[in-house]
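Quick notes on the structure that follows.
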Amino acid sequence: MSEKIYNMVDLETIEKLADIVAAKELGEITIADGEKYITVKGKKCPPLMPLAGAPVAASPAVSAAAPAAPAETPAVSQKPAGKSIKAPLVGTFYAAPSPDQPPFVQVGDTVKKGDVVLIIESMKLMNEVTSDVDGVVQEILVKNGDAVEYDQPLMILS
């Protein structure tokens with residue numbers, strides 16, 4: 001019987017996800033269950049560190065035996081504060097309509113509901129993503145050209 005992490009996913013599943021991330025050269029992949037989620041990051045990202053007292057195997061190279069020291073970054077990310085704009089589909093994030101034009105929004109800009117804030121390219125189609133809330137851009141969580149996953153937070157508004 002497989003050991004479950006946080007009653008959510010077993011270690012074998014995490015190892016398979018790590019293999020997929022490596023084989024597809026993804027930056028990361030996230031599994032969510034309500035408010036809990038686990039992110040498995042690829043080579044370009046720092047290795048995941050387990051939460052104190054909870055073993056997590058992100059890849060064959062990461063040991064599941066030692067808990068993280070309190071000063072280390074936890075493997076399970078904290079939910080960002082504020083209103084988030086999430087990816088409505090899997091694809092590539094672009095901040096501007098074209099490389100020679102300014103970004104749709106920058107940190108500090110005021111955004112109204114319905115404003116185009118970014119583009120996600122998926123299957124050679126450019127999909128404009130609009131804000132579903134009013135607010136001020138506090139943080140942009142991804143970089144231009146980054147691969148994004150469905151429902152991944154991309155931007156935080158206050």
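In this chain, numbering begins with 1 at the start of the sequence shown.
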Stepwise side-chain contact (heavy atoms from CB on, under 4.5 Å) check, V129 with I119
CA-CA 6 Å; V129 177; I119 289 177; over 6 Å; no
Checking V136 against D109 for the side-chain contact (heavy atoms from CB on, under 4.5 Å) test, could you report, in this order, the C-alpha distance in whole Å, the side-chain angles of both residues, the deciding distance, and whether it holds?
CA-CA 6 Å; V136 176; D109 288 353; over 6 Å; no
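Side-chain contact between V137 and M155 is present, with heavy atoms from C-beta onward closer than 4.5 Å. Within the 4.5 Å cutoff, no side-chain heavy atoms of V111 are placed close to those of F104. When side chains are defined from C-beta on, L157 does not count as touching S84, because their heavy atoms never get closer than 4.5 Å.
Partners of A87 under the side chain to side chain contact (heavy atoms under 4.5 Å, CB included) rule, at least two apart in sequence or in another chain, are I120, V148, L154. In terms of the side chain to side chain contact (heavy atoms under 4.5 Å, CB included) criterion, residue partners of S122 (sequence neighbours excluded) are, by chain and number, L89, N127. Legend: residues meeting side-chain hydrogen bond (donor to acceptor under 3.5 Å, both in side chains) with E128, ordered by chain and number and at least two apart, are absent. Applying the side chain to side chain contact (heavy atoms under 4.5 Å, CB included) criterion to T92, with sequence neighbours excluded, gives Y94, E121.
Taking a 4.5 Å side-chain heavy-atom cut-off between Ile, Leu, Val, Met, Phe, Trp and Tyr, the cluster of L125 contains only that residue. Through side-chain heavy atoms spaced under 4.5 Å, either directly or across other Ile, Leu, Val, Met, Phe, Trp or Tyr residues, Y150 is tied to V90.
Closest heavy-atom contact between P103 and A96: CA-CB, 3.8 Å.
A donor-acceptor pair under 3.5 Å links the side-chain atoms of D134 to the main chain of K113, judged by distance alone. Judged by distance alone, the side chain of S131 and the main-chain N or O of V133 form a donor-acceptor pair under 3.5 Å.
Linking ILVMFWY residues whenever their side-chain heavy atoms come closer than 4.5 Å, directly or via other members, leaves I156 and I85 in distinct clusters.
Between Q138 atom CD and K83 atom NZ the span is 10.0 Å, to the nearest 0.5 Å.
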